[in-house]
Protein chains: 2
Amino acid sequence: MVTLAEVARHAGVSASTVSYVLSGKRTISAATRERVELSIKELGYHPNAGARALASSRSNIIALMVPLRTDMYVPVMMEIAIAVATTARTHGYDVLLLTGEEGPEAVRRIAGSALADAMILMDVQLDDERLPLLRESETPAVLIGLPADPDGFTCVDLDFAATGALCVEHLAGLGHREIAVIGEAAAVYERHTGFAERTMHGVRKRAVGLGVRVLHRPCEGGFAAMAATLARIFDERPGTTGFVVQNESAVEPLLNLLRQQGRAVPEDISVVAVCPEQVAVQASVRVTSVAIPAQEMGRRAVEKVVAKLDGRSVEEAELLKPELTVRASSGPAPAAG
Amino acid sequence: MVTLAEVARHAGVSASTVSYVLSGKRTISAATRERVELSIKELGYHPNAGARALASSRSNIIALMVPLRTDMYVPVMMEIAIAVATTARTHGYDVLLLTGEEGPEAVRRIAGSALADAMILMDVQLDDERLPLLRESETPAVLIGLPADPDGFTCVDLDFAATGALCVEHLAGLGHREIAVIGEAAAVYERHTGFAERTMHGVRKRAVGLGVRVLHRPCEGGFAAMAATLARIFDERPGTTGFVVQNESAVEPLLNLLRQQGRAVPEDISVVAVCPEQVAVQASVRVTSVAIPAQEMGRRAVEKVVAKLDGRSVEEAELLKPELTVRASSGPAPAAG
DNA sequence: CGGGGCTGTCGAAGCGCTTCGACATTTCCC
DNA sequence: GGGAAATGTCGAAGCGCTTCGACAGCCCCG
C-alpha cells in the first residue's frame, strides 16, 4: 500500500505539503503541486480512509437508513437509495447502507463510532423511534418523510397533503362525486407512516370543500387483495366513479378488475394514482398520476446534508410540490343515473 | 466523544486491557472484564471506527456495488442489497453502497483507500470491466452472477442454465411443442449479462433434447412493449402454446393481453415465469414459476466474503438449484388442431 | 535599503486504537 | 517446595493522516 510519506519522498517534499496539495487548505506553488500530483499518479496513491478519518474526524461517509420492510414502495426506496449514493459521490461522500433490522440503536452506534459524518433516514414514521436518539446525538441528519414533530429536523418529502388534495380536485373537476381511495397495506397505517396519513388528510379536507364523498380502504398489493377490496367498495358505495390509488402494486390489478367487471376506464370509472412515473406509464391503461419524485428526494436530501456538513444553514422542511399528469385513465364522470 | 482511554481510567485498568476485553484476543479475568464492561455501558462508549481501522487495518466494511441501471430486476436488486446489509451486520460488518456511476475505477478507489475490507459485485456481466481491476487488487471479493471466465473468483448465482432447462422440461412434459421465451430488454442481452444468456443456453439445449421449438424475443417491461412483442410472436409462430417469461415487469401484461385476446390460461396457453415469488403469487393468475432467490443470494455472498476474511477457504462458484413451483398458469397443451 | 507582510514549505504533535513484548502473579507438577 | 508453564495486565510503539505554529525567502513601499 502506498502511503503519503512515500509520495512525499518521491516528490521530494514533506508529508504535510502533500497533504495540503490534496486538501487545498493552504496555498502551494504550481510547480510543487504538479510535482506532487505526478508522484501521486505514478505511484497510484490513494489516501487511507481510516487514517484520514482519524486525523480529521471526518469519514466522508453518509449513513442511509432504509426500512427493512418490503410491504411498501420498494422500487421507490431503491430509486431514492441509488439517487442518494450517486449524488453523495459527486460531493465526495460514500454511502453506508443500514437496514432497519438493527433498530433505533443503529443511530447511536453510527453517531458514537463516528463511522459516518451524517445520516439520512428514510421511511420516517410520525412518531419514529429513531428521532429521540437523533436529537441527542450531534450527528447532522436529514429525514426523508415528515414526522409528527419535525421541529429541529431537516426534512424532505413530497407534499402528500397537497397530493391528496390534487387528486380529489382533479376528479371533482371532472364531475365525480363519490370517490374511493385505495391505500397502502393496513400495516402502513397502523405504524403511522406520515405520508399515508397526510395524503388522507389532504384528500378529506379538499373533499369536504368540494362536496365529494370519500371512502378510504387500505389494501395489500396484488390481484387477490385488490379483488376483495374492490368488491367491498362497490358493495358499500355502488355509486363510486372515481378512484385514487396510493399503492403501486394495486394499480394494475385495479385496472384489470374493472375491465373484467365490464366497467370502462375512463368512461365509467376514473382512476388517479400516486406512484412512480414508470408504473403509471407501463400499466395497461396509461394512468393519470401524481409522480413520486424519488430521485429528486434522494438528491435533495444529500444536498441538504452536505450543506449542513459545510456549515451552511438549511431550511427545516422542504415539501416538493406534487404534479398531476393527466393520462388516459381519467375523464368526465358518467351522467348520473 | 468517549474514548477508550476514558473507559480505561474509569475502570481502573490500562487502555490495552480495555482493548483486549473488546476484542477477546487475550484472556482477561472475569472480574476485570466485568468491570470494564460496566464502564463501557455507563459511559456509553463506542469505539472510533477510523482509529480502529487505522490501527488494525480492518474497516469492518463490505462494499456492495449495485448496478446503476434500472432497466432490470430492480426489486430483486433491492432484496439482495437488503439481505446483504442485514447478513453483514450479523457478522459485525457494515455495508457501503456503491453505484455503477463511478465506473470500474470504484474498485481501485475502494481497494486503494482500504475503505472496505472486501467487495461484493452485483450484476456481473460476462466480460465485466471491473474484473481485471479486481484481479490485480488484493481485496477479497464475491460476485453475484457468473462472468465468462470465473477462474479465481468466488461466485454466487442461481443456476440459470438449469432454470431455463427446467422451464422447458415442465412445458414439454405437459405436451407443449412450441415455446416462446419472453426475455429481458434487448439492452440486457447486448451488454452480455450472464444470467440472461445462460438461461437461453439452458432453454435451447433442453429444447433440442426434447424436440421442442423455441422462439426467443427480448422485451422491455410494460404493457405496450409486451403487446408488440406478443403480436410478433403469434405472427411468426401461431402454434405457440407455451411461454417462458424472464422479465418480471412483463408477467402481468402478458397474462392480461392473453386474456384480452380470448386465449385462456392455462387451457389454451401455459405460462412459466422466472421471477420473485411475490410477483408470481400476486399476478392476476397465480403463475407457475422458478423463484429468484434474492435473499439467499445476498446471504450466501456475505457468508462467503466473511469466510474469506476469516481466512477460511471458499469454493469458487456456488450455483443455487432452481425450483419450479407449479401454480395455476400452466397445464396440458391443448389437443392439436 | 530596511522593515513589514505575504507565500510556500516544513517539522512535530497527536487523532484513538491495536498489538507486541515484558513483567508480575498464580498454578501446576514432580 | 521449587522451577516451569500458564495466566492476566501493562506500557509503548506505531498505524497514516491532518493541522498548527514556525520560518525562510520574497516583494513592496516609504
Report the C-alpha distance between B:R109 and A:D94 in whole Å, list the side-chain angles of each, state the deciding distance to 0.1 Å, and finish with yes or no for salt bridge (charged side-chain N to carboxylate O under 4.0 Å, His left out).
-> CA-CA 11 Å; B:R109 183 172 68 88; A:D94 276 296; 2.7 Å; yes

Test salt bridge (charged side-chain N to carboxylate O under 4.0 Å, His left out) on A:D151 and A:R135 and set out the steps.
-> CA-CA 10 Å; A:D151 247 38; A:R135 273 226 163 77; over 6 Å; no

Starting from the C-alpha separation in whole Å, work towards a yes-or-no answer on salt bridge (charged side-chain N to carboxylate O under 4.0 Å, His left out) for B:R108 and B:E105.
-> CA-CA 5 Å; B:R108 203 170 268 151; B:E105 282 305 311; 3.3 Å; yes

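DNA chain D lies under 4.0 Å from no heavy atom of any residue of residues 108-116 of chain A. Of the residues in residues 11-27 of chain A, those placing a heavy atom less than 4.0 Å from an atom of DNA chain D are A:S16, A:S19, A:Y20, A:K25, A:R26, in numerical order. Residues from residues 41-59 of chain B placing a heavy atom under 4.0 Å of any atom in DNA chain D, listed by number, are B:L54, B:A55.
Judged purely by distance below 3.5 Å, without hydrogens or angles, the side chains of B:Q125 and B:T193 pair a donor atom with an acceptor atom. In the model, B:H10 has a side-chain atom that pairs as donor or acceptor with a side-chain atom of B:S39 under 3.5 Å. A side-chain N or O of B:Y93 and one of B:R58 form a donor-acceptor pair less than 3.5 Å apart.
Salt bridge annotation for A:R299-A:E296: present, with a cationic side-chain nitrogen under 4.0 angstrom from a carboxylate oxygen. Salt-bridge formation is detected for the pair B:D157/B:R198: a Lys NZ or Arg NE/NH1/NH2 atom is positioned less than 4.0 Å from an Asp or Glu carboxylate oxygen. Salt-bridge annotation for B:E101 and A:R89: absent, with no side-chain N of the basic residue lying under 4.0 Å from a carboxylate O of the acidic one. Salt-bridge formation is detected for the pair B:R300/B:E303: a Lys NZ or Arg NE/NH1/NH2 atom is positioned less than 4.0 Å from an Asp or Glu carboxylate oxygen.
Within the structure, every side-chain polar atom (N or O) of A:S29 is placed at least 4.0 Å from both OP1 and OP2 of C:dT7.
Separating the CD1 atom of A:I28 from the P atom of D:dT18 is a distance of 13 Å, rounded to the nearest angstrom. Atom CG of B:L4 is separated from atom C1' of C:dT18 by 9 Å (rounded to the nearest Å). Rounded to an integer number of Å, the gap from CD of A:E34 to C1' of C:dG8 is 15 Å. In this structure, B:M1 places its CE atom 10 Å from P of C:dG16, rounding to the nearest Å.
Note: A:I110 CD1 to A:M119 CE = 6.0 Å, rounded to the nearest 0.5 Å.
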